[in-house]
Amino acid sequence: MTEAPYTLQRSMPRQRGYDVVVAGGGPAGCGAAIAAARLGARVLLLEATGCLGGMGTSALVSAWSHLSNGRETVIGGLMLALVEAMYERGHIAPSYDRSFWTTRHDRGFGYDPEGYKRLLDEWCAAAGVEVRFFSRVIDAEADAATGTVEGVVVHGVEGYAFVETPTLVDASGDATVADLCGAGTLRAGRDTERIMPPTLCGLVEGIDYDTFHRGLQQEAVERALRDGFFSQPDRHVPGLFRSGPRHATLNAGHLFGTDALDQAGLSEAMRRGRALAEEYTEFFRRYVPGCQDARLIATASLLGVRESRRVVGEYQLDYADYASRRHFPDQVAIYCKQVDVHVYDASPEEYERYRRSFEERDALAPGESYGIPYGVLVPRGWGNLWVAGRSVSSDVPVHGAIRDQPACLMLGQAAGTAALQALREGQRADALDTARLVGALREHGANLPQATLSVEMTRSEPPSRQ
Ligand SMILES: Cc1cc2nc3c(=O)[nH]c(=O)nc-3n(C[C@H](O)[C@H](O)[C@H](O)COP(=O)(O)OP(=O)(O)OC[C@H]3O[C@@H](n4cnc5c(N)ncnc54)[C@H](O)[C@@H]3O)c2cc1C
């Protein structure tokens, strides 16, 4: 296929009247939209699919990692309220109780994606968020020289529309909107050496949980490898995460080398992912006790993308911060998931690199956590644009730690709160009073234990504008 430039001129409806526009309704986008709306903002949430929840629903990644550091609850604010509400409604997998977010440092637990969708629908409606489904942001009107965005072009069932906004939160997971605006971004595999592979997840039913234990999986993987069972000899199989009485989220089958920002690569990954999901279900049936009746009910409609594009922010959270368990005066979330950079290929050396990092070198001890400062949300030099979720500003190892849903939702809450503060106080995103922001987040339940606050954010470099 040849790609020659083509100039298209069209007029489209111009829509206005919002304080905050959020692109993407995953955990980050929902956190941003609900937080801003509860504070009184007129919020528009644009979501490309037909439901909220992002990877947790449309990609069937229906599990939350690390909510407690083993001594106390680390999450706070909307995220904690969400877990409690899901628990009260019976949407958390049967074997999990409150200890998983109060005293246990566990690698995560499953939830019912349908219950999650409904709860997010309800919370958005109650807060007064205008949610538009099947609405994809495809372009932006912005001036990179002043770091100002005027609005976004949205494609939906009625065609194109230009939505004007004084503040914009990019929660697309891929920093797509920040990139369209002309903000600095890093693309995995182009600006970094490699891309952490995605997985197409699925829903498996028919598991006998009296017999099945996650601890039995790795030994079964080793046996299947010795038998030459798999089409790719990948030792790293996250596996089944219980999400209901007899069903589980299937997270197995790395799609090595896939660039989720490449149309052909993305399409091929969906096809190959469906074949791998069937292969791994057969593996569970044959090799893992309690799974002999397992059946793949569905694969996800969205690819489970771990890494794609990140923004270049006012602060880049890096491995040295992680290793020292650094906390910041302007942190807007604290978290306790360890570095989790999946294998880049199926070689034994890669598995050993992953295993050593995950289980030994980068494991967090009980009671440990690290801070995520405000500056990771702000594209460097931008005044009314924030990026929340898995595409915030960090290096590769830290991205592997903070890309999980709880951190994304807390960062979304911070971005939505910051956007409204910027609008009401006349502050730029890159010059926001962060002491005030931390105060507002604390008032809404955020767990931000820092003793000292700072009006100025922590930056990687001096401000680009004075
Ligand atoms: C295979 C896999 C397993 C994982 N396991 C876990 C786990 O066990 N525990 C855990 O906590 N986390 C896990 N994660 C990580 C986590 O699910 C994601 O990193 C997290 O959901 C990212 O949140 P987000 O809001 O940034 O983006 P997403 O969840 O990706 O949501 C982005 C939303 O934006 C929408 N969107 C995208 N582009 C546009 C656009 N242009 N316009 C409008 N809407 C748009 C998408 O449709 C989507 O709904 C896993 C991820 C993967 C891929």
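Please read all numbers here as calculations on a predicted model, not as lab measurements.
More than 12 heavy atoms of other shown residues, nucleotides or ligands fall within 6.0 angstrom of atom CZ in Arg190. In Arg272, the CZ atom is crowded: over 12 heavy atoms of neighbouring residues, nucleotides or ligands sit closer than 6.0 Å. Within 6.0 Å of CD on Glu193 lie no more than 12 heavy atoms contributed by other residues, nucleotides or ligands.
Considering CD1 of Ile402 and OG of Ser393, their distance stands at 8.5 Å, rounded to 0.5 Å. Put simply, CD1 on Ile195 and CG on Leu261 are 8.0 Å apart, with the number rounded to the nearest 0.5 Å. Atom CG of Asp97 sits about 3.5 Å away from atom OG of Ser99, to the nearest 0.5 Å. One distance of note links CD of Gln421 with CG of Leu39; it measures 10.0 Å at 0.5 Å rounding. We find the CG-OG distance between Leu250 and Ser243 to be 10.5 Å, quoted to the nearest 0.5 Å. The line from CE of Met12 to NE2 of His155 is 11.0 Å long, rounded to the nearest 0.5 Å.
When every heavy atom of Leu180 is checked against every heavy atom of Val137, the shortest pair comes out as CD1-O, 4.3 Å. When all heavy atoms of Pro27 and Gly53 are compared, the pair lying nearest together is CD-O, 3.5 Å. The shortest non-hydrogen separation linking Asp404 to Ser65 is OD2-OG, 2.6 Å. Shown here for Ile75 and Pro406, the closest heavy-atom pair between the two residues is CG2-CB, 4.0 Å. Heavy atoms only, all atoms of each residue included: Tyr344 and Arg194 are closest at CD1-CZ, 3.3 Å. Of all non-hydrogen atoms in Cys181 and Ala142, the two that sit nearest each other are O-CB, 3.7 Å.
Residues Glu122 and Lys117 are not paired through a salt bridge, judged by the lack of any N-O separation under 4.0 Å between the basic side chain and the carboxylate. Using a 4.0 Å cut-off between charged nitrogen and carboxylate oxygen, Arg459 and Asp430 do not count as a salt-bridge pair. Arg390 has no carboxylate O lying under 4.0 Å from a charged side-chain N of Glu307, or vice versa, which leaves the two without a salt bridge. We find that Arg98 and Glu84 are joined by a salt bridge, their nearest charged nitrogen and carboxylate oxygen being less than 4.0 Å apart. Residues Asp179 and Arg309 are paired through a salt bridge, judged by an N-O separation under 4.0 Å between the basic side chain and the carboxylate.
Side-chain contact annotation: Asp174 with Ser172, donor-acceptor N/O pair under 3.5 Å absent. The closest side-chain donor-acceptor pair between Glu314 and Trp382, if any, does not fall under 3.5 angstrom. No donor-acceptor contact under 3.5 angstrom links the side chains of Ser369 and Asn69, judged on distance only. Judged by distance alone, the side chains of Asp143 and Thr148 never bring a donor and an acceptor atom under 3.5 Å apart. Donor-acceptor pairing under 3.5 Å is recorded for the side chains of Thr49 and Glu47. A donor-acceptor pair shorter than 3.5 Å cannot be found between the side chains of Thr249 and Arg242. If you check the side chains of Glu164 and Gln15, you find no donor sitting under 3.5 Å from an acceptor.
Without hydrogens or angle criteria, Thr434 side chain to Val455 main chain gives a donor-acceptor distance under 3.5 Å. At least one donor-acceptor pair under 3.5 Å links the side chain of Tyr335 to the backbone N or O of His66. In this structure a side-chain-to-backbone donor-acceptor pair under 3.5 Å is missing from His399 to Val392. A donor-acceptor distance shorter than 3.5 angstrom exists from the side chain of Ser135 to the backbone of Phe133, with no hydrogens or angles considered. Looking only at distances, no side-chain donor or acceptor of Asn251 sits under 3.5 Å from a matching main-chain atom of Gly239. In terms of modelled atom types and a separation under 3.5 Å, the side chain of Ser58 and the main chain of Met55 share no donor-acceptor contact. Under a 3.5 Å cut-off, the side chain of Asp362 and the backbone N or O of Phe358 do not form any donor-acceptor pair. A side-chain donor-acceptor contact under 3.5 Å links Ser68 to the backbone of Gly70. For Thr165 (side chain) and Thr167 (main-chain N/O), a donor-acceptor pair under 3.5 Å exists by modelled atom type. Not one N or O on the side chain of Ser391 forms a donor-acceptor pair closer than 3.5 Å with the backbone of Arg310.
For the pair Met270/Leu200, a side-chain contact is recorded, criterion being any heavy-atom separation below 4.5 Å from C-beta on. The side-chain heavy atoms of Thr299 and Cys201, taken from C-beta on, include no pair separated by under 4.5 Å. Looking only at side-chain heavy atoms (C-beta outward), Ile207 and Arg246 stay at 4.5 Å or farther from each other. By the 4.5 Å heavy-atom criterion applied to side chains, Leu80 and Trp101 are counted as neighbours. Between Arg428 and Asn384 there is no side-chain heavy-atom pair separated by less than 4.5 Å. Residues Asn447 and Thr73 fail the side-chain proximity criterion, which asks for heavy atoms closer than 4.5 Å. Looking only at side-chain heavy atoms (C-beta outward), Met457 and Leu432 stay at 4.5 Å or farther from each other. Under the 4.5 Å side-chain criterion, counting only non-hydrogen atoms from C-beta, Lys337 is in contact with Tyr370.
With Trp64 as reference, Tyr111 is the one residue of Tyr111, Tyr96, Tyr87 to meet the ring pair (Phe, Tyr, Trp, His ring centres under 6.0 Å) rule. Screening Leu119, Val43, Val129 for a side-chain contact (heavy atoms from CB on, under 4.5 Å) involving Cys124 leaves a single residue, Val129.
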- Yes or no on side chain to side chain donor-acceptor pair (under 3.5 Å) for Arg403 and Ser394, after CA distance, side-chain angles and deciding distance? CA-CA 10 Å; Arg403 68 191 166 86; Ser394 76; over 6 Å; no

- Could you walk me through whether Tyr315 and Phe328 pass the ring pair (Phe, Tyr, Trp, His ring centres under 6.0 Å) check? CA-CA 11 Å; Tyr315 190 74; Phe328 299 81; 5.5 Å; yes

- Could you go through the side-chain contact (heavy atoms from CB on, under 4.5 Å) check for Ile92 and Val83 one step at a time? CA-CA 8 Å; Ile92 283 181; Val83 175; 4.1 Å; yes

- Task: Test side-chain contact (heavy atoms from CB on, under 4.5 Å) on Val163 and Leu44 and set out the steps.
- Result: CA-CA 9 Å; Val163 182; Leu44 174 65; 3.7 Å; yes

- Message: With side chain to side chain donor-acceptor pair (under 3.5 Å) as the criterion, how do Tyr374 and Gln331 come out once you've worked through the C-alpha distance, each side chain's angles and the decisive distance to 0.1 Å?
- Response: CA-CA 6 Å; Tyr374 169 71; Gln331 62 198 10; over 6 Å; no

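In this structure, Arg214 is positioned above the aromatic face of Phe241, its NZ or CZ under 6.0 Å from the six-membered ring centre and within 45° of the axis. Within the cation-pi definition used here (under 6.0 Å to the ring centroid, within 45° of the axis), Arg325 qualifies as a partner of Tyr322.
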Atom pairs and distances, side-chain donor-acceptor, residues 408-419, under 3.5 Å, sequence neighbours left out:
residue : atom : partner : partner atom : Å
Gln413  : OE1  : Leu78   : N            : 3.0
Thr417  : OG1  : Gln413  : O            : 2.7

